[in-house]
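To start, the structure under review is shown below, and the notes come after it.
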Amino acid sequence: MDYREAIAQAVELIKGHSGFYALTGAGMSTESGIPDFRTPGTGIWEKIDPIATASVEVLYSNPRLFYEVGFARFASITMAEPNAGHYVLAELEKIGLLKGLVTQNIDGLHVKAGSKKVWEVHGHLRSGYCLGCKRRFPFEELVQQVELKRIPPMCHYCFNMLRPDVVLFGDPMPPLFFEAWEVLEKECDLMLVAGSSLVVYPVAELPRLAKKLIIINLQPAGYDRQADVVIHEKCGKALGDILNELSK
Ligand code: NAD
């Protein structure tokens with residue numbers, strides 16, 4: 001199937017299904033300058049091992065390594081801005097076609113772009129919390145303490161360590177993942193997966209809940225064989241073309 005044909009088929013599926021949801025991964029945000037995990041040449045796995053620098057185990061056993069290496073990557077992401085793909089998904093929701101989206105990304109760019117129904121199932125970088133008293137703090141508080149070399153950053157009230165509100169390797173999935181699962185299981189008759197290798201579980205189980213599947217990804221990914229439409233193109237371009245066709 002050539003590119004134009006694939007876009008046309010995706011548009012027909014979107015027009016014909018009312019339970020339309022999206023699932024996005026790190027590839028959605030590479031056009032905002034945030035490296036993903038697995039793109040050859042630029043992916044984070046080729047430079048640092050996130051499990052060795054940003055897991056729950058490292059946070060507890062070697063907070064200095066966590067905050068100087070793993071956390072530094074988180075902090076660098078907060079300056080990014082949404083790209084065309086994020087805005088298209090926000091627009092598809094605004095015009096009533098997209099019911100909601102699940103994202104593996106922690107960068108908050110769907111929320112910044114104006115998407116309303118967003119399940120950030122791996123957390124986000126807007127806040128952190130105290131491991132002792134559980135009080136929440138703005139993410140900026142953690143960044144400022146780390147910049148001042150107060151490592152690990154501490155709670156002003158009970159002097160326990162602060163951690164970011166992201167799901168680290170070794171953390172359980174948050175309740176909102178299971179909430180998203182239930183909604184998709186009941187309502188999702190079409191899922192668009194954008195920018196995900198679909199190899200990180202349990203999120204990679206979610207496409208199984210959809211009756212029809214559209215995949216937009218630069219490289220072949222999990223589920224290409226099960227998908228109804230596969231588009232090997234950048235998210236920004238492919239989503240832009242889908243919106244243009246829908247608007248005709
Ligand atoms: P991944 O790195 O495993 O896969 C990303 C996929 O996107 C790759 O297959 C790549 O070919 C594709 N891709 C890259 N740029 C693209 C583009 N512009 N258009 C279309 N496709 C593109 O990412 P994943 O599947 O999300 O899983 C990895 C984990 O990475 C997730 O758990 C996520 O939490 C974490 N992560 C998040 C961020 C972020 O918040 N932006 C960044 C890096 C990693």
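Here the structure is a predicted model, which is why all the values come from computation and not from measurement. Read the numbers this way: they start at 1 and go in the same order the structure lists the ligands and their atoms.
Contact atoms of ligand 1 toward Gly25: 26 (O) (distance under 4.0 Å to a heavy atom of the residue). Every atom of ligand 1 with a heavy atom of Glu31 under 4.0 Å away is listed here by number and element: 17 (C), 18 (N), 19 (N). Set against the non-hydrogen atoms of Pro35, the atoms of ligand 1 under 4.0 Å away are 42 (C), 43 (C). Ligand-side atoms of ligand 1 in range of Asp107: 39 (C), 40 (O), 41 (N), range being under 4.0 angstrom from any heavy atom. Those atoms of ligand 1 that come under 4.0 Å of a heavy atom in Gly195, given as number and element, are 5 (C), 6 (C), 7 (O), 21 (N). Within ligand 1, the atoms closer than 4.0 Å to a non-hydrogen atom of Ala26 are 23 (O), 24 (P), 26 (O), 36 (N), 37 (C), 38 (C), 42 (C), 43 (C), 44 (C), numbered from 1 in the order shown. The ligand atoms of ligand 1 that sit less than 4.0 angstrom from a heavy atom of Thr30 are 14 (C), 15 (N), 16 (C), 17 (C), 18 (N). Ligand-side atoms of ligand 1 in range of Gln219: 8 (C), 9 (O), 10 (C), 11 (O), range being under 4.0 angstrom from any heavy atom.
Among all heavy-atom pairs drawn from Asp171 and Val166, the shortest one is OD2-O, 3.6 Å.
At a heavy-atom distance under 4.0 Å, no atom of Ala238 approaches ligand 1. Contacts of Glu233 with ligand 1, taken as heavy-atom pairs under 4.0 Å, involve the backbone alone. The backbone and the side chain of Asn105 each have at least one atom closer than 4.0 Å to an atom of ligand 1 (non-hydrogen atoms only). Heavy atoms of His122 found under 4.0 angstrom from ligand 1 belong exclusively to the side chain. At a heavy-atom distance under 4.0 Å, atoms from both the backbone and the side chain of Asn217 approach ligand 1. Of all the heavy atoms of Ser196, the ones lying under 4.0 Å from any atom of ligand 1 are found in both the backbone and the side chain. By the criterion of a heavy-atom distance under 4.0 Å, both the backbone and the side chain of Gln104 are placed next to ligand 1.
Glu31 and His86 share no side-chain donor-acceptor pair at under 3.5 Å. For the residue pair Gln104 and Ser196, a side-chain donor N or O sits within less than 3.5 Å of a side-chain acceptor on the partner.
For the pair Ala80 and ligand 1, no heavy-atom separation below 4.0 Å is found.
Within the 4.5 Å cutoff, no side-chain heavy atoms of Met28 are placed close to those of Leu109. Counting heavy atoms from C-beta on, the side chains of Glu91 and Val88 never come closer than 4.5 Å.
With respect to Arg208 and Glu185, no salt bridge is recorded, no charged nitrogen being found less than 4.0 Å from a carboxylate O. For the pair Glu233 and Lys237, the salt-bridge criterion is not met [side-chain N within less than 4.0 Å of a carboxylate O]. Salt-bridge annotation for Lys112 and Asp107: absent, with no side-chain N of the basic residue lying under 4.0 Å from a carboxylate O of the acidic one.
In terms of polar-atom proximity, defined here as any N/O pair under 3.5 Å, Ile216 makes no such contact with ligand 1. The N/O atoms of Ile106, backbone and side chain alike, include one that comes under 3.5 Å of an N/O atom in ligand 1. Remark: ligand 1 and Leu218 share an N or O pair separated by less than 3.5 Å (distance only, no angle test).
Among Val230, Ile215, Val193, the one residue that satisfies the side-chain contact (heavy atoms from CB on, under 4.5 Å) test with Tyr223 is Ile215.
Arg135 forms a cation-pi arrangement with Tyr157, by the criterion of a distance under 6.0 Å to the ring centre and an angle within 45° of the ring axis.
Atom CZ in Phe66 sits 5.0 Å away from atom CG in Leu168 (nearest 0.5 Å).
Nearest to atom 5 (C) of ligand 1 by heavy-atom distance, out of Leu23, Asp36, Ile34, is Asp36.
Every ring pair (Phe, Tyr, Trp, His ring centres under 6.0 Å) that Tyr67 has, sequence neighbours left out, goes to Phe71.
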